[in-house]
Every structure is written in structure tokens, then in C-alpha cells.
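Remarks on the structure that follows.
The sequence lines fix the lettering, A, B, ..., with proteins before strands; numbering per chain opens at 1.
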Amino acid sequence: MKQDIPGTIVFDGEQAQKGFALNRMCYSFNSAANRAAFLQDEEAYCRKFGLTKEQRAAVKARDVLAMIAAGGNVYYLAKLAGIFGLNVQDIGAQQTGTTVDEFKAKLAAAGR
Amino acid sequence: MSRIIGGVATTHVPSIGKAIAEKKQNDPYWKPFFRGFDYVHYWLAREKPDVAVVFYNDHGLNFFLDKLPTFAVGAAHEYRNEDEGWGIPVSRSIAGDPALSWHIINGLVADEFDVTMCQDMLVDHAVTIPMALMYPGEKWTVRIVPISINTVQHPLPSLSRCLKLGRAVGRAVESYPENLSVMMVATGGLSHQLDGERAGFINKEFDQLCMDKLAGEPETLARYSIHDWVEEAGAQGVEFLNWMAMRGALTGQVNEVHRNYHIPISNTAAATVVYENRVQADRKAA
């Protein structure tokens, strides 16, 4: 089921199990104090939540597709992206390999 | 007895909250979306509902993936919003109606919908933004009963199941002995996808089909599988489950009296629809 819609990983039980530590860390970013703690010592913060090697590398590289491949759910990843001031157009552009302006133009074109 | 007057469905994109806070309603980007609420305000002022039953999906404020209910019904005196980590201003709390909540819960479980019962429940932007759109200045004149549907972690409930859930909610509300005027609210959608190489996916044609069919032929839409819905409406387009439940809760003859559709708001095809539910008229006629 997972790969048969191009460019889409369905967040199912397999992904949810794989991504649990990463998503749990992102869930903690609902708190401003936790966001500050992450910024102060990212390495220690990730260690505290037991991120897998793959998840840690993806977070370090700010690579959203790699975070999703490692089980990240986009609603939770958006809380992490927010720490870096990135919105869903920014991460959309990153995932589709376009500039933010190109990504926005693509969205606008869908309305015509 | 309580009466279901109709329903309002609207997109709940987080950036709308920022636009409201920054008073951007008349900016060229936002105006086509916000002006779609003029009719909603007129309709609410005319109908004066006492309670809104809000079908929505939580995005990791009240529920995490450790314990994620498929269907959860709020039964709190008050619903608070908190920091969601996205820089949206925290909303004013919204009053609940626990007596009606428990009546709905009792009705749902009797109808074999074994829901999670929440006496303490935070509500996220998927409740507060539609509320702020309907009631500018956060001047709530309704109490709410929030009903959360899992649209995050698959397996999701089917479209057909959500339509039936809505019908059970509708039956429960109509059997409530207090003389309340109740509106149904659905939040989220329409087509959008935030994740993967297909991020930015929007399907105008499919959205039009959904809006064209929902009032008169919801069963046609209920036949889609979740997999096909993800393909047609995008990974987060499954928020339409909330719309299906809302439609199910409108138990009489349903007429669409308002529709606004605009692409894009953030990464989303934004839609606002108002339905009237002609239950009383039918009964009087009969």
C-alpha cells in the first residue's frame, strides 16, 4: 500500500513504529522551554529521546524527506520545522527540489 | 427537543490564525478566503445556534501517537488551546456543554460507536481557527462539543464509517430533551499534501466533485477507499472524513446555501460551505 501512490508514504503502523522516537521528540516541541532546550544542545536533546542513527542524521541535515523515510509524521515534523522558522511552503519546496517561489507558483497554478 | 439547523464546513490551515492575528483579512492573498465568511456571519446571526458539534482532527496537541483514539468525544466544561509549536497565537478558551456531550456519548455507544470519552481535552487549531473564522474577535456565542476523528495514523476509519458516525450523532442530538439549536461543524481539507515528493498536490476537479456530491449524494463519496482518497485528495486531504461525519449528522433534507472555494491558502485548496438542514419543515409538512 505504501509506495504505490507516487511521492507518498502513507503513515501506517509500520511507519508509526519506525518513527516513534522522532515523533515523540517533535511532540515535545509544543513547549517553548523544550524548543529552547533543543536549540541550546541539539545533540543532547536528540539523545534524550533515543533517536535512531537514521533519524539523528536526518534531523542534523534538516532533511525532511529523510525524516519521513525514518518514520516522521509531517504534522509532528512541522513543529520541528517551526523551530527553524520554516513553514509548509519551505518544507514543500525542499521536498520537491524547487525554490520556495517555484513551489508557491505551483500551488497557485493548481487553482487555474 | 433539540433541533439541528445545519452545518458549516471550513478549512483549518494554521496560517489563517496568523493572518487573523496580523489583521490581513483584506490583503490580496487572503481576501478571497476571508470574504467567504461574510455569508457565514450573516447565517450565524440569523440562526443563532446554541451549540456547535465540531468534527475535527487533532494534530498532536491533545493526542500523541502513544494513545490515539479513532473517535473521541469531548465532555469538558471548557476547552483550552495551548502552544502547538507553530507560532499561532493561543486562542481564548471555549465553553463546553457536558450534559449534551454525555447524551451524545451515551447515544453513540448505544449505537455501537465505542468512542473515547474526554473530560479534559485541549483543542488545537482545527477547532480554534474555524471558531475564530465564524466568530470574529473570539466572541463565542456558542458552546461546543468537539468530536475528534483520527486522520493522522493509518488505518483511518472509512468514509462510510464516518458518515454513519455522523448519523448516530445526529440521532443523539435530536433526541436531546433540551430545546437547543445545534449546528454541525466540519473542519479541514480540501485537497492538500504536505509530505513527500508529492508535496503541494492539489486536485481542484476532485474537490469540486466532493462539494457537488456531499449535500445530495454523500453515499457516492462514501464508497471511496482511504487509499483512493489519499491518491485523489492528497495525504492530508483525508480530513474530508470530518466533512463526511458532519454531513451524516444533518438528518433531514440538506441544501447547500453557500460555497466558497479558493486555491491556495498555504498548501491547501480552501473551502467554506454552509448547509441547511430542513428537518422541521419536513415534519410539519408530513
- [ ] Decide, yes or no, whether a salt bridge links A:Lys79 with B:Asp83 under the criterion of side-chain N to carboxylate O below 4.0 Å.
- [x] no
Open item on the list: Please confirm whether the ring centroid of B:Phe33 lies under 6.0 Å from the ring centroid of B:Phe37.
Closed with: yes
Open item on the list: Atom NZ of residue position B:Lys164 - does it have more than 12 heavy atoms of other residues, nucleotides or ligands inside 6.0 Å?
Closed with: no
Open item on the list: If I measure from the heavy atoms of chain B, does A:Leu65 come under 4.5 Å with its side chain, its backbone, both, or neither?
Closed with: side chain
Task: Portion of A:Phe29 that has a non-hydrogen atom of chain B nearer than 4.5 angstrom - done: backbone
Open item on the list: One thing to verify: whether B:Glu84 and B:Lys18 come together as a salt bridge, which I'm taking to mean a side-chain N less than 4.0 angstrom from a carboxylate O.
Closed with: no
- [ ] Identify which part of B:Phe63 has an atom lying under 4.5 Å from any heavy atom of chain A, answering side chain, backbone, both or neither.
- [x] backbone
- [ ] Considering only heavy atoms, give the residues of residues 48-56 of chain A separated from chain B by less than 4.5 Å, sorted numerically, with 'none' for an empty result.
- [x] none
Open item on the list: Under 4.5 Å from any heavy atom of chain B, what part of A:Arg112 do you find: side chain, backbone, both or neither?
Closed with: backbone
TODO: Return each pair, listed once, that meets side-chain hydrogen bond (donor to acceptor under 3.5 Å, both in side chains) where at least one residue sits in residues 58-74 of chain B; pairs must be two or more places apart or across chains.
DONE: B:His12-B:His59, B:Asn57-B:His59, B:His59-B:Asp124, B:His59-B:Glu239
Task: Main-chain N/O of A:Arg62 paired to A:Gln94 side chain as donor or acceptor, under 3.5 Å - done: yes
Task: Side chain / backbone / both / neither for A:Val88 at chain B, heavy atoms under 4.5 Å - done: both
TODO: Give me the ring orientation class for B:Trp243 and B:Phe240: parallel if the planes are under 30° apart, tilted from 30 to 60°, perpendicular past 60°.
DONE: parallel
- [ ] Check each atom of A:Asn73 against the heavy atoms of chain B and say whether the ones under 4.5 Å are side chain, backbone, both or neither.
- [x] side chain
TODO: Applying side chain to side chain contact (heavy atoms under 4.5 Å, CB included), run through B:Met134 and B:Thr10 and close with a yes or a no.
DONE: CA-CA 10 Å; B:Met134 291 189 290; B:Thr10 180; 5.7 Å; no
Open item on the list: I want to check something: taking the side chain as every heavy atom from C-beta on, are B:Met244 and B:Leu214 in contact at a cut-off of under 4.5 Å?
Closed with: yes
Open item on the list: For the backbone of B:Gly36 and the side chain of B:His258, can you confirm whether one donor and one acceptor N or O come within less than 3.5 Å of each other?
Closed with: yes
Task: Side-chain donor or acceptor of B:Trp229 paired with backbone N/O of B:Gly237 under 3.5 Å - done: yes
TODO: Mind ranking B:Leu156, B:Val230, B:Asp207, B:Leu65 by heavy-atom pairs under 4.5 Å with chain A and telling me who comes out on top?
DONE: B:Leu65
- [ ] Kindly state whether the ring of A:Phe20 and the ring of B:Phe64 have centres lying under 6.0 angstrom apart.
- [x] yes
Open item on the list: I'd like to verify something: which residue of B:Leu61, B:Asn203, B:Val13 has the highest number of heavy-atom pairs under 4.5 Å with chain A?
Closed with: B:Leu61
Task: Atom group of B:Gln193 that falls short of 4.5 Å from chain A, counting heavy atoms - done: side chain
Open item on the list: Given heavy-atom pairs under 4.5 angstrom as the criterion, report whether the side chain, backbone, both or neither of A:Ala93 touches chain B.
Closed with: neither
Open item on the list: If you count heavy-atom pairs within less than 4.5 Å of chain B, which of A:Ala78, A:Gly13, A:Ala16, A:Gly92 leads?
Closed with: A:Ala78
Open item on the list: If you count heavy-atom pairs within less than 4.5 Å of chain A, which of B:Ala269, B:Ser266, B:Ala235 leads?
Closed with: B:Ser266
